[in-house]
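I have placed the structure first, in the form of structure tokens, so that the comments after it can refer back to it.
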Amino acid sequence: MSAAAAPSGPRILLRRLREVMAGEGSAQDRMDQLVMAIAANMVAEVCSIYLLRDGMLELFATEGLKPSAVHKTTLRIGEGLVGQIAQLARPVALSEARSHPNFAARPETGEEDYHSLMGVPVLRGGRVVGVLVLQNRINRDYSADEIEAMQTIAMVLAEMVGGALQEEMPGVGTFGTDGLPRRMAGLSLNEGLARGVAVLHAPRIVVERHVADDVDVEAGRLTVALKDLRVQVDSMLQAAIAEPGGESRDILEAYRMFAHDKGWMARLHDAIQGGFTAEAAVERVQVENRARMSEISDAYLRERLHDLEDLSNRLMRHLTHGGQMPEGDVPEQAVVVAWNMGPAELLDYDVDRIKALVLEEGSPTSHVAIVARALQIPVVGRLDGLLDNVESGDDLVVDGDNAQLFVRPAADALVAFSANLETRQAKAAQYAALRDQPAVSKDGTRIELNLNAGLLADMPHLDGTGADGIGLYRTELHFMVRATLPTVSMQTDFYGRVLDQAGGRPVVFRTLDVGGDKMLPYLARHDDEQNPAMGWRAIRLSLDRPVLLRMQIRALLKAAAGRPLSIMFPMIAEVSEFKAARKLLDREVERQTRMGEPTPSTLRVGTMLEVPSLAWQLPALLPLVDFVSIGSNDLMQFLFASDRGNPRLANRYDELSPSALSLVRDIVQRCDAAKVPVSLCGEAAGRPVDAMALLGLGLRSISMGAASVGAVKMMVRSLDLPSLQTFMEGFYDSPEHSLRNALKKFAEDHNVAI
Ligand code: PEP
Ligand code: MG
């Protein structure tokens, strides 16, 4: 039941608040008046303002709580409901606050009489600077309109925090970044080590004026800025089209759609009609977006909302700085610091200057991580509190290998960094020297080392590493960075370019592995899946939506006209699925022939083996396939029933356990017996010790990320395979959890470079 009358319209409320803010007296006086006015307007017994001072939330003004608690009561970020609102930057509305697990009673405030609570964060330039709270005696259900009204008030309050209040009370509204060294732990999204100067991506533009003097003027400013934004996005798109071979065009097309999105524009104009300035309207819609984003678990939709976040930042720059980045040039050695970003934003930088990227959010499947990997930029994500701890110009050391960031590193961290960097550079020089040397073991066995790729940006690594070819081309990445389904001719063009750039070296194209957490916007969505990795993805989706697969196969056949082509299917769990996919492929080949179109000079069709069940169908499968590629990432996650993306499980099971090694050995032996080429393309192939074990159990072809080729080749060239094989003989029946240490010991004793 709502005890409050609907609050007066936002414009009237805004006007009233402005009168208070422009009134006489100290900032404290005006805040005291503000809480009274808000409590009256929102029909609440209590209205309190908590502001951040030196990292703590301090009660600055209250109507309803005991005045003696003002400037006495403080809460840490995350402490109690107020601390939670600040931590999550999200409103909270509870009709019975006391039963919430985060409720922390503060007896000195006299709040025990109040049951319901609604609080919203006070945000300035995207940072939480305080919390505005209402409390009522009764169990009041605060409506969505009331929460929105409070968010509006909080924006106006933020203006005051930045202005008068900071002048009178320095330190208010800051986290009190103490300038001290800090180590932050996150999630590695791309390995590598780098040091550079912090460049705040989309530097916070602080809105100085929230309340509009003239709604029409603000609406006009917004219209002009939106027009300028569209021109900017269009010209970025033109430039990307002119630039041959990049994926930026596809990415930018998605942007273009958003820049013309009617819903977004309507929400911006609505905010202006509510009495905001154009900048405040952009900020407001952005805050709403972020709140929506934090509730969306769907990876694709979250990515799209990031695109919108980027556009909002650009729009804000058009309103305030004529579209220019206010921070000037990016330094030579820059570490980009962002809450999150879309791939186009990264490509927007002069990427030669970007030494690393650190994100408050981010996930391994996010597009920016994919693009950064192709560009070999180290990335650490999920760094909680990143933006509150890093200032523009800070010295940063990014350690993507160990998922950590050193902010303003202390002497010991710098010494460790220099030592690690030296080791890395020395190794890189050794690897570079091996580039043109064959991967032949000491006993003379030639090992095929291939690359895993997924973007055109990966292709130059073929020359860079001296790899034999592309053992896995993940075609879905091209689909994932686009807003619309690529046509057959677009795909033909794209695959053709991949083959051109491979320059005659073999490329194994894997058909679409989408679905699960790699959803495409233009594909009909299904109900939320409880286990997306085991859900409607890869070949399952392709067989249910055969047009998608047929279009892709058609494009691959056309692209490879007159040249060799290798295709494989992902997530095949049983022979019948391979047969069904193969049938579709054969129909496309027939069609091509019937239409008199040129076909590939040779066609090899194989399968990924990444679902354990297929390992027990090898006698039926092997006569049908030209090759098998073991996808150890998925094979292991299904073998151990252990989510490959869950950091808590990352060390629980080992790919070098007797069961895993036995399974892979069995597959390899059966393939060898049937004379079907077998390879492995999971992450394990890129780790020297793991790769050594894979060779020991019989594999002679492995495929890995470009960054691993040098180290693996070095291992191969220092290895005597027969002695390793003998050493591993007793392994497969061992009761050990893992054979990793034994393998490391072997390497040490036999001078194998791992
Ligand atoms: C695998 O599962 O091992 C594999 C190579 O495929 P992806 O990592 O794309 O799932
Ligand atoms: Mg897989």
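First listed ligand is number 1; within each ligand, the first listed atom is number 1.
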Legend entry - Ser632: numbered ligand 1 atoms lying under 4.0 Å from its heavy atoms: 3 (O)

Legend entry - Nearest-0.5 Å distance, CG of residue Asp654 to CZ of residue Phe640: 7.5 Å

Legend entry - Part of Pro570 with heavy atoms under 4.0 Å of ligand 1, whether side chain, backbone, both or neither: neither

Inset, instruction - Report, in ascending order of atom number, the atoms of ligand 1 lying under 4.0 Å from any heavy atom of Gly682. - result: 3 (O)

Legend entry - Side-chain touch Tyr732/Leu697, heavy atoms, less than 4.5 angstrom: yes

Legend entry - Heavy-atom nearest neighbour of atom 5 (C) of ligand 1 within options Ala533, Ala538, Ser629, Cys681: Cys681

Inset, instruction - May I ask you to identify, for Glu683, whether its side chain, its backbone, both or neither come under 4.0 Å of ligand 1 on a heavy-atom basis? - result: neither

Inset, instruction - Output the list of atoms in ligand 1 that are nearer than 4.0 Å to some heavy atom of Leu472, sorted by atom number. - result: 5 (C)

Inset, instruction - Using distance alone, decide if ligand 1 has a nitrogen or oxygen within less than 3.5 Å of any nitrogen or oxygen in Asp634. - result: yes

Legend entry - Residues in ring-ring contact (aromatic ring centres under 6.0 Å, His included) contact with Phe638, at least two apart in sequence or another chain: none

Legend entry - Residue pair Arg446, Asp468: steps toward the salt bridge (charged side-chain N to carboxylate O under 4.0 Å, His left out) verdict: CA-CA 11 Å; Arg446 173 74 164 91; Asp468 293 303; 2.7 Å; yes

Inset, instruction - Would you list the protein N, O or S atoms within less than 2.8 Å of the Mg ion (ligand 2), leaving out water? - result: Glu610 OE1, Asp634 OD2

Inset, instruction - Using a 4.0 Å heavy-atom cut-off, say whether Asn452 meets ligand 1 through its side chain, its backbone, both or neither. - result: neither

Inset, instruction - Would you mind telling me if ligand 1 is within reach of the side chain of Arg644, the backbone, both or neither, using heavy atoms under 4.0 Å? - result: side chain

Inset, instruction - In sequence, state the C-alpha distance, the side-chain angles, and the governing distance for Thr475 and Gln552, and then conclude on side-chain hydrogen bond (donor to acceptor under 3.5 Å, both in side chains). - result: CA-CA 9 Å; Thr475 56; Gln552 184 176 37; 2.8 Å; yes

Inset, instruction - Just let me know how Gln637 lines up against ligand 1, side chain, backbone, both or neither, with a heavy-atom cut-off below 4.0 Å. - result: neither

Legend entry - Contacts of type side chain to side chain contact (heavy atoms under 4.5 Å, CB included), residue Pro460, not counting sequence neighbours: Gln501

Legend entry - Cation-aromatic face contact Arg510/Phe569, 6.0 Å, 45 degrees: no

Legend entry - Under the salt bridge (Lys or Arg N to Asp or Glu O under 4.0 Å) test, residues paired with Arg554 that sit two or more places apart: Glu588

Legend entry - Those atoms of ligand 1 less than 4.0 Å from some heavy atom in Met608: 4 (C), 5 (C), 6 (O)

Inset, instruction - Could you tell me whether the side chains of Glu736 and Ser657 share a donor-acceptor contact shorter than 3.5 Å? - result: no

Inset, instruction - For the residue pair Asn450 and Glu448, confirm or rule out a side-chain donor-acceptor distance under 3.5 Å. - result: yes

Legend entry - Distance, nearest 0.5 Å, that separates CG of Leu743 from OG of Ser738: 8.0 Å

